[in-house]
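Sequence lines set the chain letters: A, B, ... in the order given, protein chains first and strands last, and positions in each chain run from 1.
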There are 2 protein chains.
Amino acid sequence: MVDKEEYRRRIILTASRIFSHYGFRKTTMDEISRALNKGKSSIYYYFSSKEEIFEAVVLYEANQLRRQLTTAIKEVESPTEKLRNYIFVRMKAFAKLSNYYNAVFDKNLDHYEFIEKIRSRYDREELAILRLLLYVGNSRGVFEVRESEYTAMAILTMLKGMEVPLFWRRREIDINSRLEAILSLIFDGILKRE
Amino acid sequence: MVDKEEYRRRIILTASRIFSHYGFRKTTMDEISRALNKGKSSIYYYFSSKEEIFEAVVLYEANQLRRQLTTAIKEVESPTEKLRNYIFVRMKAFAKLSNYYNAVFDKNLDHYEFIEKIRSRYDREELAILRLLLYVGNSRGVFEVRESEYTAMAILTMLKGMEVPLFWRRREIDINSRLEAILSLIFDGILKRE
DNA sequence: ACAAACATAGAACGATCGGTTCGGAAATTC
DNA sequence: GAATTTCCGAACCGATCGTTCTATGTTTGT
């Protein structure tokens, strides 16, 4: 292999697929290596442990989500639609981002530290984005928000509140209608009534 | 618990859900019992081993499929639609019936005997149904088949041939278009051209 | 009320599994 | 052809998992 970094990427992609299906615990190094047509011990040349692979996978997926979110915002113009897109993409993504939850809810995996680190960094980013969206909408006269910081936090709290039940409920319809409900709630409390 | 048989059923249902997600090997007795809010060893009062549970699950799902197929045939009138329905339901069901394949393709599970038994019985049933469909279509002048027995076997062989790749390919579109292709092939070779 | 049966579960056990290490063999680079 | 990179089989060992055993609670029949 010419580029070591490229091969690490391949491992991350493959491991991600298996992790997302079986979770951290049930995924074995043997499976990962077999999926890559390599010997089990060869993986250790690129990653020093199974956990390190998992960390890389979670980080990778977090970055994926970040990109999805920013493009979703840029896609539309009006602040209303930006916020709407943001929430939709976020929720849909989290519904798929099962690795994350497999790890968080696997009580036997008590090494959350790095996940907590990613999560808290992520929270700050999300908060900043939401505040920006609110601020722009405010100055354009579309929103009417006094304290953008706390409103952003309130919205984020709502979104987070939706994450856990999202994990249990399977029906797509349910997710969509719940999203619509949340959205209409947020907008009715936010939109300037003329 | 009043009815022991009822509780066996509950175990089968729960185990089926877990097996179909994780496969035979990765599913632990502990998980099954936890999902039932019971102690691990309590399960052994109803089933004598993990394999016995799995056998019951496979049998249960096979019966489920049988029912689906017969109702799918009864739903429509014309022989063409009957055959069409039959093949569609069969393929869709097999795509979902992952337990079966998890077992068959898990090379470490070398106790196929009971699966082979179910399978061969199933083959005979399917063959009989297909022959009947062809026979009825024939006598109604919709099909033109000389040897319904061998034609039925040929169709069954085609269907079986589709099962394995079905297991690897993920895209729904692909399955559908392949199904259509198979169907049009079968019908063009079967339908009486006037 | 009290056996007999039914139902449950905690503890322990032996076998297997699975993550990791290590030494060295291929393959590639210089 | 030496040096470096990449790969892997074998082995280690702690954890895991299916199963058994024993004991305790719970229902049923009389």
Quiz prompt | A:G137 backbone acceptor or donor facing A:K82 side chain under 3.5 Å | solution = no
Is the side chain of B:Y46 donor-acceptor paired with the backbone N or O of B:I11 at a distance under 3.5 Å, no angle test?
no
Interatomic distance where [atom1] belongs to [X] and [atom2] belongs to [N] [whole Å]:
| X | N | atom1 | atom2 | answer |
| --- | --- | --- | --- | --- |
| A:Y22 | C:dG18 | OH | P | 12 Å |
| B:I43 | D:dT20 | CD1 | P | 14 Å |
| B:F47 | D:dT20 | CZ | C1' | 19 Å |
| A:D3 | C:dT28 | CG | C1' | 15 Å |
| B:R8 | C:dC6 | CZ | C1' | 16 Å |

Item checked: Pair A:R8 + A:E5: basic N to acidic O under 4.0 Å -> yes
Relative to each other, are the rings of B:H21 and A:H21 parallel, tilted or perpendicular (30° and 60° limits)? tilted
Min side-chain heavy-atom separation B:T28-B:Y22 under 4.5 Å: no
Heavy-atom side-chain proximity of A:K38 to A:Y7 below 4.5 angstrom:
yes
Mind listing the N/O atom pairs, protein and nucleotides 17-19 of chain D, below 3.5 Å?
residue : atom : partner : partner atom : Å
D:dG18  : OP1  : B:T27   : O            : 3.1
D:dG18  : OP1  : B:K50   : NZ           : 2.8
D:dG18  : OP2  : B:M29   : N            : 2.7
D:dG18  : N7   : B:K40   : NZ           : 3.1
D:dT19  : OP2  : B:Y44   : OH           : 2.9
D:dT19  : OP2  : B:K50   : N            : 2.7
D:dT19  : O5'  : B:Y44   : OH           : 3.4
D:dT19  : O4   : B:K40   : NZ           : 3.4

Closest to the side chain of B:K38, out of C:dA7, C:dA9, D:dC7, is C:dA9
Angle separating the five-pair end axes of the helix from C:dA1-D:dT30 to C:dC30-D:dG1, nearest 10°, is 30°
In B:R17, B:R9, B:R10, the residue satisfying side-chain contact (heavy atoms from CB on, under 4.5 Å) with B:L13 is B:R9
* Asked: According to a strict under-4.0 Å criterion, is A:Y45 in side-chain N/O contact with OP1 or OP2 of D:dT6?
  -> yes
Sorted by chain and number, sequence neighbours left out, salt bridge (charged side-chain N to carboxylate O under 4.0 Å, His left out) with B:K26 holds for A:E31
